[in-house]
There are 2 protein chains.
Amino acid sequence: MNTLAEENYLKALYHLTVQAPEGAYTNDIAAYLQTKASSVTDMLKKLSSKKLVHYKKYQGVILSKKGKQKALQVIRKHRLWEYFLVEKLNFRWDEVHEIAEQLEHIQSDELINRIDKLLGFPKYDPHGDPIPDADGYFEEIPFLTLFAIPIGETVTVCGVIDSSVSFLKLIENIGLTIGTLIKVEEIFEFDHSLKIAIPSKKTKVLVSQQISKNVLVKIKK
Amino acid sequence: MNTLAEENYLKALYHLTVQAPEGAYTNDIAAYLQTKASSVTDMLKKLSSKKLVHYKKYQGVILSKKGKQKALQVIRKHRLWEYFLVEKLNFRWDEVHEIAEQLEHIQSDELINRIDKLLGFPKYDPHGDPIPDADGYFEEIPFLTLFAIPIGETVTVCGVIDSSVSFLKLIENIGLTIGTLIKVEEIFEFDHSLKIAIPSKKTKVLVSQQISKNVLVKIKK
DNA sequence: AATAATATTTAGATAAGTCTAAAAAATAAT
DNA sequence: ATTATTTTTTAGACTTATCTAAATATTATT
Ligand SMILES: [Mn+2]
Ligand SMILES: [Mn+2]
Ligand SMILES: [Mn+2]
Ligand SMILES: [Mn+2]
């Protein structure tokens, strides 16, 4: 068993290193977890002694196989609870993160597996992030941001990169919720903002580069 | 907000004082929480400084109004989660306590109120204990143990006093689950064991005094 | 290559919660 | 009313997780 703090660090390390094989840096971890670098160093020593990370002084850190597996289990719990909160308790997608941040630490494999079953083994959480199965396995999503889509293409919104409350509220307000079919009608070279058509709503909307880079889509075929 | 340890102490104090207005004693609290008397003293000082208990050195302790209210909220969460686990996730009644012991500390009024609604505002948990509402109010159950029932009387099992796994398994095995209609057919004066008829199962069973004193019943009318 | 800037680690302190062992108070037994 | 026993509290130590401030290592700049 790991403590709540250990689990939060493992999860943070997973998110910080999943796209950066060279490892995570002390200051980045501190910024991500809103704590101090010295606290991070202490925890890295502890996780290292438990063989959950590979850590050498001043050299950055990566998760060990064991640490990655453990991180994925916490992430699995987080995302399943988020799905539960939206699907069974009618929370909005911008309300669930904080509560899931607590629920992800409940220690019971049986519990989370039964929640999984109750929900019908969902593959993606309310923000479009994949839910690992009991073995930590999940399908990699073909990583495409709305920013990278050319003019004329029709795509479906399938997730967000930024899951902050402020971004989710914005996205919801302009109608880019998950599952929405949209078409890129124009790309303005001045600031690379996009004119998007939303056929289901019969509306069009202008989205900034900052927005389009945080919306994940898959190509409609 | 209170810490997890504080919440567990408040809950323990509630259970230890609900039937004992003179207050709880340090050693009893320590035994109940499987900790040491010195740890209890430390926590009582802390709870006292937070105005959650009335505590004077060597004089025992009782919950303040504020402390009682807080304890009832934790108990509410505990019992609602137990009901959820049994009703929605098909856990057995002897499996839910440990998990609820963790879930009761999730901080979100909105969450527990929505769970309450999802479950249809249940009045009793899987062990027959009353579930306080959002204001801490609940109906006192007419407190009758099977031990006190005279020969010939027909009653319905409505709860247990001891909620330990070992007792619940025994009770389940002999068929005295909640809702079961039973009739006291004989009382043997030697050890005050009872011969109980269970019409729905067409069986009869002999229960010891230790058992009958831990089974709550209500008189059928 | 030496110096400046940045990043990371260490040293020492604090808070919560727990423990053991010793002291003090309350209660029971002579 | 002493003495003995039990209960409770205090003193001091330990663990986890955090912090500030100082020291050290790494990297960038002249
Ligand atoms: Mn968390
Ligand atoms: Mn999510
Ligand atoms: Mn608990
Ligand atoms: Mn219960």
Side-chain angles (χ1 to χ4, degrees), chain A residues 1-14 16-17 20-63 67 70-71 74 101-102 104-107, chain B residues 1-14 16-17 20-63 67 70-71 74 101-102 104-107:
Chain A
M1 291 296 99
N2 298 292
T3 66
L4 187 143
E6 285 168 3
E7 288 191 343
N8 283 336
Y9 270 92
L10 289 173
K11 200 157 58 94
L13 289 173
Y14 181 87
L16 288 169
T17 57
E22 80 277 11
Y25 297 104
T26 304
N27 274 345
D28 298 335
I29 302 166
Y32 186 90
L33 289 173
Q34 306 205 79
T35 182
K36 302 293 150 142
S38 55
S39 306
V40 173
T41 302
D42 285 346
M43 183 55 88
L44 292 183
K45 284 182 191 168
K46 195 182 167 199
L47 294 176
S48 183
S49 77
K50 291 192 172 189
K51 307 278 182 205
L52 293 163
V53 299
H54 298 297
Y55 166 66
K56 271 188 200 127
K57 271 190 192 179
Y58 296 99
Q59 306 277 107
V61 64
I62 55 167
L63 287 169
K70 181 70 209 180
V74 181
E101 201 60 44
Q102 299 178 62
E104 71 190 359
H105 303 291
I106 302 293
Q107 302 289 357
Chain B
M1 290 298 97
N2 298 294
T3 66
L4 186 145
E6 286 168 3
E7 290 190 342
N8 282 337
Y9 270 93
L10 289 173
K11 200 158 59 93
L13 289 172
Y14 181 87
L16 287 168
T17 57
E22 80 276 13
Y25 298 103
T26 305
N27 274 347
D28 298 335
I29 301 165
Y32 186 89
L33 289 173
Q34 305 205 77
T35 185
K36 303 291 148 139
S38 55
S39 305
V40 173
T41 302
D42 286 346
M43 182 56 87
L44 292 182
K45 284 181 190 167
K46 195 182 168 200
L47 294 175
S48 183
S49 77
K50 292 191 171 188
K51 308 276 182 206
L52 292 163
V53 299
H54 298 296
Y55 167 66
K56 270 187 200 130
K57 272 191 192 180
Y58 297 99
Q59 306 278 106
V61 64
I62 55 168
L63 287 169
K70 181 70 209 179
V74 180
E101 202 59 44
Q102 298 179 62
E104 71 190 358
H105 304 292
I106 301 294
Q107 303 288 358

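The sequence lines fix the lettering, A, B, ..., with proteins before strands; numbering per chain opens at 1.
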To the nearest Å, give me how far apart [atom1] ([X]) and [atom2] ([N]) are.
X	N	atom1	atom2	value
B:Asn2	C:dA16	CG	P	13 Å
B:Leu47	C:dA16	CG	C1'	13 Å
B:Lys36	D:dT10	NZ	C1'	17 Å

Spatial distance of atom [atom1] ([X]) from atom [atom2] ([Y]) [nearest 0.5 Å]:
X	Y	atom1	atom2	value
A:Leu63	A:Thr17	CG	OG1	4.5 Å
B:Ile29	B:Leu44	CD1	CG	5.0 Å
A:Gln59	A:Glu22	CD	CD	13.0 Å

Next on the checklist: B:Lys50: which residues meet the salt bridge (Lys or Arg N to Asp or Glu O under 4.0 Å) condition with it, sequence neighbours left out?
Outcome noted: B:Glu6

Item to check | Base versus backbone protein contacts along nucleotides 7-14 of chain C [heavy-atom cut-off under 4.0 Å; B, S, -] | outcome: SBBB----

Checklist entry - What residue pairs, at least two apart or across chains, pass side chain to side chain donor-acceptor pair (under 3.5 Å) with a residue in residues 26-38 of chain A? => result A:His15-A:Tyr32

